[in-house]
2 protein chains.
Amino acid sequence: MNEEWVSQIKRGTLEFVIMSLIQNKDRYGYDVIQTLDSYPMLKTQESTIYPLLRRLLKNGYLESYWRNMGEGIPARKYYKITKLGISYLNQLNDDWETLVKNIAELRRG
Amino acid sequence: MNEEWVSQIKRGTLEFVIMSLIQNKDRYGYDVIQTLDSYPMLKTQESTIYPLLRRLLKNGYLESYWRNMGEGIPARKYYKITKLGISYLNQLNDDWETLVKNIAELRRG
DNA sequence: TTTATATACATTGTACCACACAGTATATAT
DNA sequence: ATATATACTGTGTGGTACAATGTATATAAA
């Protein structure tokens, strides 16, 4: 796998993927990281995920709440998609579909 | 279409697409720009394409030659894929396939 | 006729910003 | 000591965007 290229391709795709994950169910940062860990092309570190989540929060696409996990387990900051986030994600879905089609067409010449 | 996101998603995809185009046949920069013009997600300006082509040249994935076009038409700088470029592109193809599958899986949850 | 504008082609300097690297921080369990 | 679970941050990198420069020709407007 081409690490250099993979790190470039994540721009945009990561945001898209994380929004999709959180649309399916509320998630906290660490959970997102663990989930992506099994996907070689999307495996990503804390230093990328946390700022990304905060950016989506700031843009109003996500909202967050803390959930206490009981003795000895650090509280989790859950993220939930907003209405704005849903319409944004719908747009990303369309754009992604278009992109995949465009590329398929260009590749076959 | 989300211009901001589109400009991010082009990182990596553009390189991939341009290598594909040039693998199919030799091309000059302006030709690449015109070709991408009909694909909303990949439409891109000179200031992006020319440096990209030069980078691929420098990395040894492409080689270039000038072709004279006769009276009044500026000479064209054609790019051609190298052996190294072909093996690089094969890798990009695999990575792209993986990415598309990964994302499809993550989206459906 | 002179001037303005559009097309074809290539280049470059500067700025932006998402992701990467590496580190900080707390608490528990082994 | 080390690993796991959870969250945060400062600094660097590098591909793309914006805007402009340059040559040459053809065409439309003044």
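Reminder, nothing fancy here: chain letters follow the sequence lines and each chain counts from 1.
Picking from D:dT6, C:dA10, D:dG14 the nucleotide with the shortest atom distance to the side chain of B:R11 gives D:dG14. Distances were taken from every side-chain heavy atom of A:K77 (C-beta onward) to each of D:dC8, D:dT16, D:dG14; the shortest belongs to D:dC8.
Contact annotation: B:S47 does not reach the phosphate of D:dC18 (side-chain N/O to OP1 or OP2, under 4.0 Å). OP1 or OP2 of D:dC18 lies within a sub-4.0 Å distance of a side-chain N or O belonging to B:Q45. For C:dC9, the OP1/OP2 oxygens have a side-chain nitrogen or oxygen of B:Y28 closer than 4.0 Å. Between C:dA10 and B:Y30, no contact under 4.0 Å exists linking OP1 or OP2 to a side-chain N or O. Listed pair B:Q8 / D:dT16 fails the phosphate criterion, with no side-chain N or O lying under 4.0 Å from OP1 or OP2. Listed pair B:R76 / C:dC9 meets the phosphate criterion, a side-chain N or O lying under 4.0 Å from OP1 or OP2. Between B:S7 and D:dT16, a side-chain N or O to OP1/OP2 separation shorter than 4.0 Å is absent.
Distance A:K10 NZ to D:dT13 C1': 15 Å, rounded to the nearest Å. Rounded to a whole Å, the NZ atom of A:K58 is 13 Å from the P atom of D:dT9. Look at CD on A:E46: it is 9 Å from C1' on D:dT6, rounded to the nearest Å. Between the P atom of C:dT12 and the CZ atom of B:R55 lies a distance of 15 Å, rounded to the nearest Å. Protein atom CZ of B:R54 is 14 Å distant from nucleotide atom C1' of D:dT16, rounded to whole Å. Rounded to whole angstrom, the span from the OH atom of B:Y50 across to the C1' atom of D:dG15 amounts to 18 Å. Per the geometry, CG belonging to B:L52 stands 5 Å off P belonging to D:dT16, to the nearest Å. Between A:E15 atom CD and C:dA20 atom P the separation is 14 Å, expressed in whole Å.
The 5' end of DNA chain C is approached more closely, in terms of each residue's nearest nucleotide, by B:Y79 than by the other of B:Y79 and A:V6. Checking A:D31 against A:E4, the closest nucleotide of DNA chain D that is more toward the 5' end is the one next to A:D31.
Closest approach of B:A75 and B:N68 over heavy atoms only: CB-OD1, 3.6 Å.
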Stepwise side-chain hydrogen bond (donor to acceptor under 3.5 Å, both in side chains) check, A:Y88 with A:E15: CA-CA 11 Å; A:Y88 180 60; A:E15 177 175 303; 2.4 Å; yes

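For the residue pair A:D26 and A:Y65, a side-chain donor N or O sits within less than 3.5 Å of a side-chain acceptor on the partner. Side-chain atoms of A:N93 and B:R107 include a donor-acceptor pair closer than 3.5 Å.
Ring pair B:F16/B:W96: centre-to-centre distance below 6.0 Å.
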